[in-house]
Protein chains: 2
Amino acid sequence: MKPTGDLSLVKKINKSLVLDYIRTQSPISRAKIAEISGLTKATVSSLVNELIESHLTYEIGVGQSSGGRKPMMLLFNGTAGYAVGIDLGVHYIYAALTDLNGTIVEEYRMSHRNESVEQVFAKLMECIRELISRAPESTYGIVGIGIGIPGISDEQGNVLFAPNLGWEHVPLQAMLEKEFDIPVIIDNEANTGAVGEKQFGVGKSASHLVYISIGMGIGTGIIINNELYRGTTGFSGELGHMSIQFDGPKCPCGNRGCWELYASEHALLDRARTELGIAQVTVEDLLKLAEEGHPAAIGLFERLADYLSVGIVSIINGLNPDLILIGGRLAEAQKWLREPILKALEQRSLPYPREQLNVQFSELGIRATVLGACSFVITNFFASTKVQLDWNRYV
Amino acid sequence: MKPTGDLSLVKKINKSLVLDYIRTQSPISRAKIAEISGLTKATVSSLVNELIESHLTYEIGVGQSSGGRKPMMLLFNGTAGYAVGIDLGVHYIYAALTDLNGTIVEEYRMSHRNESVEQVFAKLMECIRELISRAPESTYGIVGIGIGIPGISDEQGNVLFAPNLGWEHVPLQAMLEKEFDIPVIIDNEANTGAVGEKQFGVGKSASHLVYISIGMGIGTGIIINNELYRGTTGFSGELGHMSIQFDGPKCPCGNRGCWELYASEHALLDRARTELGIAQVTVEDLLKLAEEGHPAAIGLFERLADYLSVGIVSIINGLNPDLILIGGRLAEAQKWLREPILKALEQRSLPYPREQLNVQFSELGIRATVLGACSFVITNFFASTKVQLDWNRYV
DNA sequence: AAAGTTTGTAAATTGATTAAACAAACTTAG
DNA sequence: CTAAGTTTGTTTAATCAATTTACAAACTTT
């Protein structure tokens, strides 16, 4: 049954609107909100007072007058609740506690290696427990737990397949919700990273952005119309497995010539081993060599940039985003990747979709995933008091 | 300024809802609408009566009773207005007049070849004038003109670039609106085709579909969340220019190894010429040969299917749509393309995004573009009385 | 000090929905 | 064939959130 319109819907819309203005333009007065929102002063006043009652907003004191009564300035109360966000890596767990503004207030890290599902799960629990115990007292307490995983999950928060973790069909969300009795949200690491950057990083002003996480493989998170696009069954974003060479080498996924076979950390290190003749080489080593001016190392990064560009051009031509955001481990190689990529895009992409395009490297770095995970939880928390309709159905 | 909620918004939402039920489930009674919508009988009654007053709905007579008073059945009045849709082809103009249901009531065709912008524009005007003159009397008259073009246009309806037509920076929308003084909507032929199939063809039940129009080149129309995705500046859908061979031949677009260099009509005919040794060959010729069992001709279609599949796999892995729709001229080769494509997808695409995927060939054929153009106009017409908010901003 | 501005609240009004009641029209059980 | 029950669609009163209008308080400027 489709949702209908009634007065409570109107109130939800307007309350969201007012809260959003307070969140994004604070400190701000009631009168100013009325002016920019188009609502009447009376309405804004009433809604703000309800928000104050529910501790999401508070008055900070009078502000500057511009020739009349001084306005009472309002602030969003970010500390009314806290969110736990976790970046579940292949060999590490990075957990953080943020307030409702997305400001990190506590962190906790652990490493793991070749451990069983149970052992990793135990460590996960330890991280969460620790952060929850450290959380300050607040009105709404811990509003949820968000987790970014190196693999794919379904809508019920089951980890379907995380090859590098050795996980298959693990009902992670259910397990954690049973344990902690608060909302748990699971999503792919690239998706959480995309949301993190969109919400708290360089992607704030982009409406359609593609986040490319370059690690062992290539994962992508696609944000369309300011919202994470999940696809029909929640498995969108596997652009790492688009073919850039139809008769290229076989990929374990079944396809040939997948992008990530050419433009991932794995591919880079492979080439370093065979071409530089170093047996055990890491990204750090290569970065160091490049920093020292080693031409072959720099050459390797430039070739990586070329391969990356091939896929990015396809994304630009196909999706016409306003932002391409490069994240993941290899975003650290920005210094050597940036220029070659921009140059290649200039040459290879169609001029029109390129016009309003921005190409950026992640600012949040390792924190993108964790912050995205928190953002999921915070958004979900607000959604319970906000508009939750599929409006497209009305058109 | 973001839209606020008020009583008129509530009414718009509910009126849209009621009208949609009447449009999609007619004949239907007031009581039934109340039951399935969740609105009260009183509300539905009042809204229906307003719809009747505005001639968008009418009563058709009493229906079957299930043990009580007989219900008064309602129908959508599709003939309350008409839309003009045009498929502006490289060598033809196909124009149609539809009612608000999208039913074609009049058609008009013309051909053109190597003519100036002015000459083609004159023919376009002739088509429109002819159809408008043939339109039956109706409450709302001609509600707009929609045009699908073989090129790209901006949001102001300027044809920026239509190479095969030889057009560049033609303010088509402005020219036509000045002439006819009704809303004119211009969009790419693949986009209109996608919308046509979504609205009136096989795509009705798909939420995320990618329409692949295979003609001289490859154009794609992407529908996400039941809405055409236009990208940041309206230039999305150029998936024909994603590279499937990074070191492949140069494409006029600047890229190398573009999909359409391998999987378009142009590529097919090229191969036919060199490999079959026929100097002047058309798609019709090849279809005829294949029908006669000519192995080389069939082989050509199978190779086309292979190349097509490479791109389709990337789309599936990246966007996880619920429908891939193959349209355009080469959709007629369904008989030889279908099986090889399905087989290749089975082998090369990731299993999870494939689960709920459907692959279909266009049913509307040549009419897809025209109907999509009409759909734009009709949607736009209803939008004036419907909800027009960017709801995602509330999250 | 007077005049004008700005902020925020209060009271009355508006309008769309809901809830409850009801009349009309119909079916079915006995 | 009648009484009982059902279903449809309208009417009436109540509700609720926004708007309009008015206003008091607090401040700046002349």
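Letters A, B, ... are given to chains in the order of the sequence lines, protein chains preceding strands, and every chain is numbered from 1. Side chains are part of it too, since the values below use all heavy atoms of this structure and drop only hydrogens, waters and symmetry mates.
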Check: Of A/Ser66 and B/Asp6, whose nearest nucleotide on DNA chain D comes first from the 5' end?
Finding: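 Checking each residue's closest nucleotide, the 5'-ward one belongs to B/Asp6.
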Check: Does A/Gln64 or A/Lys41 map to a spot on DNA chain D nearer the 5' end, using the closest nucleotide for each?
Finding: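 So the residue in question is A/Lys41.
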Reckon [X] touches a base, only the sugar-phosphate, or nothing at all at heavy-atom distances under 4.0 Å?
X: A/Ala42; result: base
X: B/Ser65; result: sugar-phosphate
X: B/Lys11; result: sugar-phosphate
X: A/Ser29; result: sugar-phosphate
X: A/Lys70; result: sugar-phosphate

Note to self: It should be established whether B/Asn14 places a side-chain nitrogen or oxygen under 4.0 Å from OP1 or OP2 of nucleotide C/dT17.
What the structure shows: yes
Between side-chain atoms of residues 76-85 of chain B and protein atoms elsewhere (two or more places apart, or another chain), which donor-acceptor pairs fall under 3.5 Å?
| from | atom 1 | to | atom 2 | distance (Å) |
| --- | --- | --- | --- | --- |
| B/Asn77 | OD1 | B/Thr79 | N | 3.3 |
| B/Asn77 | OD1 | B/Thr79 | OG1 | 3.0 |
| B/Asn77 | ND2 | B/His55 | O | 2.8 |

Starting at [atom1] of [X] and ending at [atom2] of [N], how long is that distance when rounded to a whole Å?
X: A/Leu7; N: D/dA14; atom1: CG; atom2: P; result: 17 Å
X: B/Leu47; N: D/dG9; atom1: CG; atom2: P; result: 14 Å
X: B/Glu59; N: D/dT8; atom1: CD; atom2: C1'; result: 12 Å
X: B/Asn49; N: D/dT11; atom1: CG; atom2: C1'; result: 13 Å
X: A/Lys15; N: D/dC16; atom1: NZ; atom2: C1'; result: 14 Å
X: B/Lys12; N: C/dG15; atom1: NZ; atom2: P; result: 16 Å
X: B/Glu35; N: D/dT7; atom1: CD; atom2: P; result: 10 Å
X: A/Leu9; N: D/dA18; atom1: CG; atom2: P; result: 11 Å

Margin query: If we ignore hydrogens and angles and just use 3.5 Å, is the side chain of A/Glu363 paired with the main-chain N or O of A/Gly201 as donor and acceptor?
Written below: no
Check: Donor-acceptor pair under 3.5 Å: do we get one between A/Arg69's side chain and the base of C/dT6?
Finding: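 By the distance-only test, no, there is no pair.
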Note to self: If the threshold is 4.0 Å, N to carboxylate O, is there a salt bridge linking B/Arg30 and B/Glu59?
What the structure shows: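 Answer for the salt bridge query: yes.
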Check: Taking the side chain of A/Pro71 as its heavy atoms from C-beta onward, which of C/dT7, C/dA16, C/dT18 lies nearest to it?
Finding: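 For the A/Pro71 side chain, the nearest candidate turns out to be C/dT7.
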Note to self: Of the listed nucleotides (D/dG9, C/dG8, C/dT18), which one gets closest to any side-chain atom of B/Arg30?
What the structure shows: D/dG9
Check: Any side-chain donor paired with an acceptor under 3.5 Å for B/Thr233 and B/Asp154?
Finding: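 No, no side-chain donor-acceptor contact under 3.5 Å.
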Item checked: With A/Leu364, the side chain to side chain contact (heavy atoms under 4.5 Å, CB included) member among A/Leu371, A/Val202, A/Val370 ->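 With A/Leu364 as partner, side chain to side chain contact (heavy atoms under 4.5 Å, CB included) holds for just one option, A/Leu371.
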